[in-house]
Amino acid sequence: MTTMAVTLPLPPVVSATPSSITLTNLDEAKPKTTAKDSSSPTGYFKNCKTMNELRQIHCNITKKGICHSPSSVTKLIAACAEMGSSESLHYARKAFECYNGDGGTTGLLFMYNSLIRGYSSAGFGGDAILLYIEMVVAGIVPDKFTFPFLLSACTKVVGFFEGSQAHGAVFKMGLEEDVFIGNSLVHFYAECGKIDYARKVFDGMLERNVVSWTSLICGYARRNCPEEAVYLFFEMVETGVRPNSVTMVCVISACAKLKDLELGEKVSAYMGEAGVKLNTLLVNALVDMYMKCGAIDSAKRLFNECVDRNLVLCNTIMSNYVRQGLVREALSVFGEMLQQGPRPDRVTMLSAFSACAHLGDILFGKQCHGYILRNGLEGWDNISNAMIDMYMKCGKQEMAHRVFDCMSKKTVVSWNSLIAGLIRNGKVESAWEIFKDMPDSDLVSWNTMVSALVQESMFVEAIELFRVMQNEGIIADRVTMVGIASACGYLGALDLAKWILTYIEKNDIHCDMRLGTALVDMFARCGDPQSAMQIFNKMVRRDVSAWTAAIGAMAMEGNGEQAIDLFNEMLGQEVKPDEVVFVALLTACSHGRSVDQGRHLFRSMTEIHGIPPQIVHYGCMVDLLSRAGLLEEALDLIKSMPMEPNDVIWGSLLAACRNHKNVQVAAYAAERITKLASERTGIHVLLSNIYASAGKWTEVAKVRLQLKEKGVHKVPGSSSTEVNGIIHEFTSGDESHSENTQIALMLQEINYRLRDAGHVPDLSNVMLDVDEKEKEYLLSRHSEKLAIAFGLISTGQGMPIRVVKNLRMCTDCHSFSKLVSRIYEREIVIRDNNRFHFFRQGYCSCCDYW
DNA sequence: GTAGGGTTAG
């Protein structure tokens, strides 16, 4: 029922909008004495369960002619209000209209109160507010019972303006000391998101009871301030107020939000002390808390022990199972529900669809769709949205579109599910087109697109979209920032990184573990390990991913020792290592040339941590050993692998053979690599480059041909540098930059000065069959050189130049950078696809080992 | 008369 369903005979002086509650209406009315109507029939409607029963009784007493007293009408209205269906309320309203004006003010007041309560508790807050207006206009003075009902109605429609007006009326009437009204005001303000106002009312209350405390605790818990809620709970207990089951439900849900099991159990201990008995709502809150805290077994036990599992409890455990990725468990609960009840409802089906989506199980998904249709559960937008998501995740785009097209009321979630689904199925372009024309979009829509661009490696575009968000006045949240931080990290744009951090602080964006980790990673990739560690040290909670980001920061810098120290600290804090952290560790050892440490860590994986090394770990070890020149040991390790070595493994060995000039092992590796007939461009390029540097141009041509046949091309080298917040990208030999002439002149000057300093270009880095002069020209136009030249002309003297390169640096560019850093007295930081190089005063932090 | 549970998309 909406406000339109009941036609209210409102006086013409008052507009139909709820905002017309005014204080003057109240001022004109004068309080009247109340009198009890003793002659009315009592209890007629008391035990009515259904509308039919009620109608029957009403009919009977009407026949007897005893229904005309105001009291009996009041009781009828109360009974209808109690039922809370739109039908019963409609009946009540009609009965009320028949008697309007007849029963004296007292009787009318009771009727109004009853009806307002009924509308409010049945969720028709708007109708309740309108009724209040009508009552005031009719000259009926509200009493202290009216306001809790009215405020509850205002809460339901989040009518902040209306509620504030009611608050004003409470003051005018001198009712502010009533504890029920105080409690209602606390609840109202909290639900409107004005938790500070709620607190103010609470602090000003002369009398407080358990409901006052509970209302505020609940307010904090729901407003995402669970710490405050728990704190308030302990304060309440200390004050000597005993919690009841409602309080416990609120505070336990706060613990669930905090994901703090220890606290949850501590809080639960008060139940015994306070003598609070478990009811279904409380069991539900506990199960939810245990699940969210990861204590799956405790949740399961409680759930199994509960004899009268109701629908909500089943839904709670199911949705949590799905969220935790325990889809099989969720489906087992679902199966039991189908067999022995409670009967799945729409909320159950949301979890069921989510489970199908997780599994990508289209058969089961279709069965669920069938269940919806058979049981008349369709036509609810949430269900359709969940189905769009499910079909998309199962790769059934046409079905998703069909569900979408059939929706009569598409919500923003429908659109978001559609674009996210398209992106997941590789249709980023279509998603973008839809995104641009969506009838309404929200933060999730923007975040979806930002993440999609990041996922597609379109980092500049992602940041561009973020800028558009700024211009449109949309405040990003932590999900946006995770995507943007990631994009910024890939671009290695340090100024942008610093700006991002300021933005987060300025906009008070909560930095959770995920965002913290993303920021650590961002600064690490931007070549600022100090800032990375500063953020890491400030993080309250750190999981293995957070530690991995910090260890990775050390690895990129080539600081193997500190990486190991961090790892030991992590173990000391009883954080369980995973496969990923070992990749970071072994990489750190590789960059730091710590062969012994690497061997030790690699062994410890199986011997201490019970993590069997995967191919990627073997890859790291082969890289570590072969770079250090231990080619034979690397080869032995490859031969001992329990799995088939891939092209990456042979590639590392091959690359090392080139540096250590071991033709024998190289030939063996090359043979293996060609046998794998891999489609990885890098390897073929490397192979072709090895042949090229040995002058075997026929072989080079052969490999190039293979590449062409497979449709793969050499990834062109590209470097980017950030100047004044703008990212300038250069590809090898690029002439497209607007300042191309100045860049060319600068390069010329650099090369003269380098030659004077005795630099001889290393032409073996040019892997093409061209003459020397051409080779020298090509070499001088490598993308990082262009970026450095641009950096020199566009930034002030002494400013560091930061460059991000997509491929590994060649030896000529490396010695070029070293000399430029000395001659021009500039710090040059280059991140290649493997690590960082900090060039200062003619030296590089990698000690020429990369 | 006031306070409490499960809900899809990034």
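Chain identifiers are assigned alphabetically (A, B, ...) following the order of the sequence lines, protein sequences preceding nucleic acid strands; residue numbering begins at 1 within each chain. The structure presented is a predicted model; accordingly, all values stated were derived computationally and were not measured.
Salt bridge absent: Glu191(A) and Arg223(A) never bring a charged side-chain N and a carboxylate O closer than 4.0 Å.
In this model, the phosphate group of dG5(B) is approached by a side-chain N or O of Arg222(A) to a distance below 4.0 Å at OP1 or OP2. The side chain of Arg424(A) contributes no N or O atom lying less than 4.0 Å from OP1 or OP2 of dA9(B). Between His187(A) and the phosphate of dT2(B), there is no side-chain N or O to OP1/OP2 separation shorter than 4.0 Å. Close to dT7(B), at under 4.0 Å from its OP1 or OP2, lies a side-chain N or O of Ser319(A).
Counting non-hydrogen atoms under 4.0 angstrom, Asn310(A) reaches a base of the nucleic acid. Note on Ala285(A): nothing from the nucleic acid sits closer than 4.0 angstrom, heavy atoms only. Among the atoms of the strands shown, none is found under 4.0 Å from any heavy atom of Arg208(A). Within 4.0 Å (heavy atoms only), Thr448(A) reaches sugar-phosphate atoms of the nucleic acid but no base atom. Heavy atoms of Asp143(A) sit nowhere under 4.0 angstrom from any nucleic acid atom.
Atom pair Lys156(A):NZ and dA3(B):P shows a separation of 7 Å (rounding to whole Å applied). Distance Leu282(A) CG to dG5(B) C1': 10 Å, rounded to the nearest Å. When the P atom of dA9(B) is taken as reference, atom CD1 of Ile388(A) falls 12 Å away, rounded to whole Å. Regarding Asn113(A), its CG atom lies at a distance of 12 Å from the P atom of dT2(B), rounded to whole Å. Protein atom CG of Asn209(A) is 12 Å distant from nucleotide atom C1' of dG1(B), rounded to whole Å. Counting to the nearest Å, the P atom of dA9(B) and the CE atom of Met387(A) are 14 Å from each other. Spacing between atom CZ of Phe404(A) and atom C1' of dT8(B) amounts to 14 Å, rounded to whole angstrom units. Going from atom CG of Asn320(A) over to atom P of dG5(B) covers 15 Å, rounded to whole Å.
Side-chain proximity of Ser417(A) to dG6(B), dA9(B), dA3(B): nearest is dA9(B). Set against dG4(B), dG1(B), dT2(B), the side chain of Val211(A) has dT2(B) as its closest nucleotide.
Contact annotation: side chain of Asp178(A) to base of dG1(B), donor-acceptor pair present below 3.5 Å. For Asp288(A) against dG6(B), a side-chain-to-base donor-acceptor contact under 3.5 Å is absent. One N or O donor and one acceptor, one from the side chain of Asn382(A) and one from the base of dT7(B), sit under 3.5 Å apart. Residue-to-nucleotide contacts include a donor-acceptor pair under 3.5 Å from the side chain of Ser245(A) to the base of dG4(B).
At least one donor-acceptor pair under 3.5 Å links the side chain of Asn425(A) to the backbone N or O of Met392(A). The backbone N or O of Lys257(A) lies less than 3.5 Å from no partner atom in the side chain of Lys292(A), so there is not a single donor-acceptor pair.
Sorted by first and then second residue, the salt bridge (Lys or Arg N to Asp or Glu O under 4.0 Å) pairs with a member in residues 417-436 of chain A read Glu433(A)-Lys436(A); sequence neighbours excluded. Applying the salt bridge (Lys or Arg N to Asp or Glu O under 4.0 Å) definition to pairs two or more places apart or across chains, none involves residues 242-255 of chain A.
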Please report the C-alpha distance between Asp512(A) and Arg478(A) in whole Å, then the side-chain angles of each, then the deciding distance to 0.1 Å, and finally whether the salt bridge (charged side-chain N to carboxylate O under 4.0 Å, His left out) criterion is met. CA-CA 8 Å; Asp512(A) 65 349; Arg478(A) 58 197 149 110; 2.7 Å; yes
